[in-house]
K.L.:
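What follows is a structure written as structure tokens; I'll ask about it next.
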Protein chains: 2
Amino acid sequence: MVRAVPDTHGEILAAAARQFTVTGYRGTSLQDIAREVGCSKATVLYHFANKEALLAELMAPAIEVLRSLDDQLTGLTGAAAQEVAAQGFVDLAVRFRQEIAVLRGEFPELLCQPAFAHIQEISDRLRDALAGHSDRPGARIAALVLLAGISEACAEFADIPDDELRLALLTLARRAVEPVDAPLPHQPTTEDKDS
Amino acid sequence: MVRAVPDTHGEILAAAARQFTVTGYRGTSLQDIAREVGCSKATVLYHFANKEALLAELMAPAIEVLRSLDDQLTGLTGAAAQEVAAQGFVDLAVRFRQEIAVLRGEFPELLCQPAFAHIQEISDRLRDALAGHSDRPGARIAALVLLAGISEACAEFADIPDDELRLALLTLARRAVEPVDAPLPHQPTTEDKDS
DNA sequence: TCAGACCCTGACCGATCGGTCAGATGGAAG
DNA sequence: CTTCCATCTGACCGATCGGTCAGGGTCTGA
């Protein structure tokens, strides 16, 4: 019996993740979470300072990976930035499917909370990288469509195996991203220094 | 002075659209809307039976266009279905940018309301058409990524002119959709009957 | 002048929200 | 046995939500 220690903290976290996925952060009350765990609402607030702290702890692992992806992107330009951004974000989105589903739709409001400071800037940089740091509207639009679409797909296709979903999304991303380096019909770019 | 008639009804509608766009349907209270209009909350509820009716009236034009697109799609298969779906949805999304922004994220919950019955089925058919009615996971995933991404882009890029946004999105959609008819590298499809 | 339709409002309602708090429980340490 | 601490709870709080209702003001047509 490993179940000697009840681990209420973890149970609350898991229940919150499930509820947030279905009804969203705002749409889930502390009462709902307590009911699913089988404890009182006061117990939930004993283990977590407040509702926001619960969400923050739920998102922490995904945010850490997002930060490390942001680090990998510094200095990259053109097609290299696009490829790393695409691969990194698809990986992240597939791996943290549930976390992505939690944020679904409430992204802008939730990012205002202090626990998620700078996440907006990171995702802006990610979008910029996926656009190959181009300022052409087409490239910027394609990058946003991909980031939003990939998030939604990961939240939606909960039944598809990780590997299959990752491959499909990466293939799609490479096909959909607006090319900036190699075969540009208009003019060759002059800002690529390496490779 | 055309402003003789105050048209409170229309003002409430416009204020609600603005507020819903920023803070979402759930995140906007009737009090908020009344404050922006400069009337009492009771006045809002005098002009609209309830909050849901307000949303329904706001969405009505967009929903009608969506229904007509659904009609156009019946009977189409393969690449033809994909092209009509892509063009029709991009048109709709660009034209009803604000309405799309209102639904942002709260799509699944809002669709449960009786005023939006069958909208889920219609958008499922639209997604299916964009996938060329293929059951390959790659095609289904690409279709969902595109629909979700295009919606998000239309809600986000409020400053880009209609024509430019439409062109960029349509170009992207044609590039990103998984091909089902014409130049399939693996094998020629046998289910296309016409053209 | 008066009746009635229309428009609008303040006061109020029950429900639910996130959050607080004093106190009950129970096991470990002295 | 007593003390202490972590865990947990019911009762309660103020705020806000969507929605109701009786009534006041204004305009119009008979």
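First the proteins, then the strands, lettered A, B, ... as listed; each starts at 1.
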K.L.:
Write down the distance between CG (A:Asp7) and P (D:dT7), rounded to a whole number of angstrom.
P.N.:
11 Å
K.L.:
Between C:dC13 atom C1' and B:Asn50 atom CG, what is the distance in whole Å?
P.N.:
17 Å
K.L.:
Is B:Arg140 salt-bridged to A:Glu156, going by a charged N under 4.0 Å from an acidic O?
P.N.:
no
K.L.:
Record whether the side chain of B:Lys41 comes under 3.5 Å of the base of D:dG18 through a donor-acceptor pair of N or O atoms.
P.N.:
yes
K.L.:
Atom CD of A:Glu52 to atom C1' of C:dG19: distance rounded to whole Å?
P.N.:
14 Å
K.L.:
Could you tell me the separation between the CZ atom of A:Phe20 and the C1' atom of C:dG18, rounded to a whole number of Å?
P.N.:
12 Å
K.L.:
Quick one: do B:Arg97 and B:Val94 satisfy side-chain contact (heavy atoms from CB on, under 4.5 Å)? Show the steps, please.
P.N.:
CA-CA 5 Å; B:Arg97 259 188 261 190; B:Val94 171; 4.3 Å; yes
K.L.:
For a quick test of reading the model: is some side-chain N or O of B:Ser29 closer than 4.0 Å to OP1 or OP2 of D:dC17?
P.N.:
yes
K.L.:
Quick test of your reading of the model: are A:Arg166 and A:Asp163 salt-bridged, counting only N-O distances below 4.0 Å?
P.N.:
yes
K.L.:
Please state how far atom CZ in B:Arg35 lies from atom C1' in C:dG10, giving the value in whole angstrom units.
P.N.:
16 Å
K.L.:
Compare all side-chain heavy atoms of A:Thr8 with those of A:Tyr46 and state whether any distance is below 4.5 angstrom.
P.N.:
no
K.L.:
In Å, rounded to the nearest 0.5 Å, how long is the span from CG of A:Leu13 to CG of A:Leu58?
P.N.:
5.0 Å
K.L.:
Starting from P on C:dT20, measure out to CD on A:Gln31 and report it in whole angstrom.
P.N.:
16 Å
K.L.:
Which nucleotide wins on minimum distance to the side chain of A:Leu30, given the candidates D:dG10, D:dC21, C:dG19?
P.N.:
C:dG19
K.L.:
Starting from the C-alpha separation in whole Å, work towards a yes-or-no answer on salt bridge (Lys or Arg N to Asp or Glu O under 4.0 Å) for B:Asp32 and B:Arg35.
P.N.:
CA-CA 5 Å; B:Asp32 293 332; B:Arg35 194 180 303 119; 3.2 Å; yes
K.L.:
Rounding to a whole Å, what distance do you find between A:Asp32:CG and C:dG18:C1'?
P.N.:
13 Å
K.L.:
Taking the side chain as every heavy atom from C-beta outward, state whether A:Val180 and A:Arg136 have any atom pair closer than 4.5 Å.
P.N.:
yes
K.L.:
When the distance from CZ of B:Arg26 to P of D:dG18 is rounded to whole Å, what number comes out?
P.N.:
12 Å
K.L.:
I'd like a list of close polar pairs between nucleotides 5-8 of chain C and the protein, N/O only, cut-off under 3.5 Å.
P.N.:
from	atom 1	to	atom 2	distance (Å)
C:dC7	OP2	B:Tyr46	OH	3.1
C:dC8	OP1	B:Thr8	OG1	2.7
C:dC8	OP2	B:His47	NE2	2.5

K.L.:
Contact class for B:Leu45 vs. all strands (heavy atom < 4.0 Å): base, sugar-phosphate, or nothing?
P.N.:
base
